[in-house]
S.K.: 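The structure's right below; bear with me while I get my questions together.
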Amino acid sequence: MKTKLTELLGIKYPIIQAPIGSATNPVLASEVSNAGGLGMLALSWKSNEDCIRIIRETKKLTTQPFGVNLVLDWDQEERVDICISENVPVVSFFWGDSSKHIEKLKTHNIKVCQTVADSKEAEKYAALGVDFLIAQGWEAGGHVQGTVANSVLIPSIAWKVGIPVVAAGGFTNGQGLIASLVLGGSGISIGSRFLMSTEAHIEQGYADLIADANENDTFYTQDLFHLGWENAPHRVLKNSTIKEWEKAGKPPIGKRPNQGEVIAQDANGKSIYRYSDNNPIKGVTGNIEAMALYAGQSVGLLNKRIPSKEIIENIIEEAKQSIKFIGSLK
Ligand SMILES: Cc1cc2nc3c(=O)[nH]c(=O)nc-3n(C[C@H](O)[C@H](O)[C@H](O)COP(=O)(O)O)c2cc1C
């Protein structure tokens, strides 16, 4: 399936496995890339040594293009240099201004992507020379930059910039892929569905809660799970922490119920506090249900964990059915 995105990146299908924080890993990214999509590693918080190791491990598992995502609320200068020295095919930026990195990466033949949430930002980064944009809609899981839904965001952007625009948020199956293309997009970037892949590094209890959730069960909040990353709105599954905070009258930071309570431990035994930005990645023990359960509205379409290769095959099959359906319209 050819689009401007597949031509640009040299991939078979216009499907990106969205960076889903520490749930990403070399096996997930390489399986997606080997299946014809673009696998992504989220390396924003990794040490330099870990970044190099993870990139090299991914390269051992695939000869296909893959990407590294960096969140610009943290200093990413050294990680950008690592991407250059390790010759990473694609670097994507989120939550901040990538201007100073664009030319440097492009000089080294690395494709650059910026996530945007409105047409003004899209035009700015297109003019600065990024190769493609991810337009993140309000439906998306995890940290959410804007408040516009993809049904409006994609056409608002896609017809204004000459570069590929990829829809992130809500578009999670073959119908979503075709919808993105019809709206002017060049593909989809999928987070929550790959969080439910068998390769994603998450605790099964988290996956079970996603599987049980429907499209009404997520919650968009400005700052509830703020410890670790402040002033960053996010979408999570509704859980006991949210319900207790609502029952208490939605008090501001500092006055919230059970603030300071340790609710879980990470794989190294480090305490995870209530209202922390940690989600239950592999190895977390404790009260998983009360943690930040990042997930998008697309959870209503997800009910079981399957390998990422199958996810891609299913999307392509569903997309073919949609094309047939469109062909049958009079
Ligand atoms: C658990 C989780 C972690 C995320 N971490 C990142 C990240 O590190 N960098 C980033 O650019 N986006 C991150 N996102 C947002 C996704 O890249 C993407 O925009 C979103 O998942 C798309 O919506 P969907 O979940 O409906 O597919 C994260 C999303 C989730 C669910």
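We count ligands from 1, going down the list as the structure has it; atoms in each ligand are counted the same way. Just so you know, these numbers come straight off a predicted model, no measurement behind them.
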S.K.: Under 4.0 Å from any heavy atom of A168, which atoms of ligand 1 are there?
M.R.: 19 (O), 22 (C)
S.K.: Hey, which of R274, R256, E246 is the one that makes side chain to side chain donor-acceptor pair (under 3.5 Å) with T241?
M.R.: R274
S.K.: Can you tell me which portion of A140 lies within the under-4.0 Å heavy-atom range of ligand 1? Options are side chain, backbone, both, or neither.
M.R.: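 For A140, backbone and side-chain atoms both sit under 4.0 Å from ligand 1.
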S.K.: Does W138 reach ligand 1, in the sense of a heavy atom lying below 4.0 Å from it?
M.R.: no
S.K.: With respect to I20, determine whether any N or O atom, backbone or side chain, lies less than 3.5 Å from an N or O atom of ligand 1.
M.R.: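 No, no N or O pair falls under 3.5 Å.
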S.K.: Give me the atom names and distance for the closest heavy-atom approach of P65 to P89.
M.R.: CA-CG, 4.0 Å
S.K.: To which protein heavy atom is atom 5 (N) of ligand 1 closest, and what is the distance rounded to 0.1 Å?
M.R.: G21 N, 3.1 Å
S.K.: Only heavy atoms of I190, strictly under 4.0 Å: list the atoms of ligand 1 that pass.
M.R.: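 Here the atoms of ligand 1 in question are 27 (O).
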S.K.: What's the shortest heavy-atom distance between T6 and Y13, and which atoms?
M.R.: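 Here T6 and Y13 meet closest at CG2-C, 3.5 Å.
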S.K.: Decide whether a cation-pi geometry holds between R79 and W74; the criteria are a distance under 6.0 Å from NZ or CZ to the six-membered ring centre and an angle within 45° of the ring axis.
M.R.: no
S.K.: Locate the shortest heavy-atom distance separating P164 from D131; write the atom from each residue and the value.
M.R.: CD-O, 3.4 Å
S.K.: Would you check if the distance from the ring center of W95 to the ring center of W229 is below 6.0 Å?
M.R.: yes
S.K.: For atom 29 (C) of ligand 1, what is the nearest protein heavy atom, given as residue, atom name and distance?
M.R.: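 Of the protein heavy atoms, G141 O, 3.3 Å lies nearest.
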S.K.: Would you say Q204 and R305 are linked by a side-chain donor-acceptor pair, where the criterion is simply a distance under 3.5 Å?
M.R.: yes
S.K.: Ring-plane angle category for Y220 and W138, please: parallel below 30°, perpendicular beyond 60°, tilted otherwise.
M.R.: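 If you compare the ring of Y220 with that of W138, the planes turn out tilted.
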S.K.: With a 6.0 Å cut-off on ring centres, are H143 and F94 close enough?
M.R.: no
S.K.: Please report which non-hydrogen protein atom sits nearest to atom 25 (O) of ligand 1, along with the residue it belongs to and the distance in Å to one decimal place.
M.R.: S192 OG, 2.6 Å
S.K.: Could you measure the distance from the NZ atom of K124 to the CD atom of E121? Nearest 0.5 Å is fine.
M.R.: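 Rounded to the nearest 0.5 Å, the NZ-CD separation comes out at 7.5 Å.
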S.K.: Between N69 and ligand 1, which residue portion shows a heavy-atom distance shorter than 4.0 Å: side chain, backbone, both, or neither?
M.R.: side chain
S.K.: Would you kindly specify which portion of N279 sits under 4.0 Å from ligand 1, judged on non-hydrogen atoms: side chain, backbone, both or neither?
M.R.: side chain
S.K.: What is the nearest protein non-hydrogen atom to atom 27 (O) of ligand 1, stated with its residue, atom name and distance?
M.R.: G191 N, 2.8 Å
S.K.: Looking only at protein heavy atoms, identify the closest one to atom 22 (C) of ligand 1 and say how far it is in Å.
M.R.: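 Result for atom 22 (C) of ligand 1: G169 N, 3.5 Å.
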S.K.: Any nitrogen or oxygen of R193, main chain or side chain, under 3.5 Å from a nitrogen or oxygen of ligand 1?
M.R.: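 No, no N or O pair falls under 3.5 Å.
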S.K.: Specify side chain, backbone, both or neither for F93, according to which of its non-hydrogen atoms lie closer than 4.0 Å to ligand 1.
M.R.: neither
S.K.: With a cut-off of 4.0 Å, which atoms of ligand 1 are near a heavy atom of A18?
M.R.: 16 (C), 17 (O), 18 (C)
S.K.: Can you list the steps and then say if K270 with Q265 is a side chain to side chain contact (heavy atoms under 4.5 Å, CB included)?
M.R.: CA-CA 5 Å; K270 207 172 142 213; Q265 278 78 37; over 6 Å; no
S.K.: Pull out every atom of ligand 1 sitting under 4.0 Å from any heavy atom of W45, numbered as shown with elements.
M.R.: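 Answer, ordered by atom number: 8 (O).
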S.K.: Does F94, backbone or side chain, put an N or O under 3.5 Å from an N or O of ligand 1?
M.R.: no
S.K.: Looking only at side-chain N and O atoms, does Y273 offer a donor or acceptor that is under 3.5 Å from a partner on N258?
M.R.: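 The answer is no; no qualifying pair exists.
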S.K.: Is Q297 close to ligand 1, meaning an N/O of one under 3.5 Å from an N/O of the other?
M.R.: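 Between Q297 and ligand 1 (N or O atoms, distance only) the closest approach is not under 3.5 Å.
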S.K.: Write out the residue and atom name of the closest protein heavy atom to atom 26 (O) of ligand 1, then the distance separating them to 0.1 Å.
M.R.: G170 N, 3.0 Å
S.K.: Between R53 and E57, does any NZ, NE, NH1 or NH2 come within less than 4.0 Å of an OD or OE carboxylate oxygen?
M.R.: yes
S.K.: In the protein, which heavy atom is nearest to atom 6 (C) of ligand 1, and how far is it?
M.R.: P19 O, 3.0 Å
S.K.: To check your reading of the model: name the closest protein heavy atom to atom 19 (O) of ligand 1, its residue, and the distance in Å.
M.R.: Q136 NE2, 3.0 Å
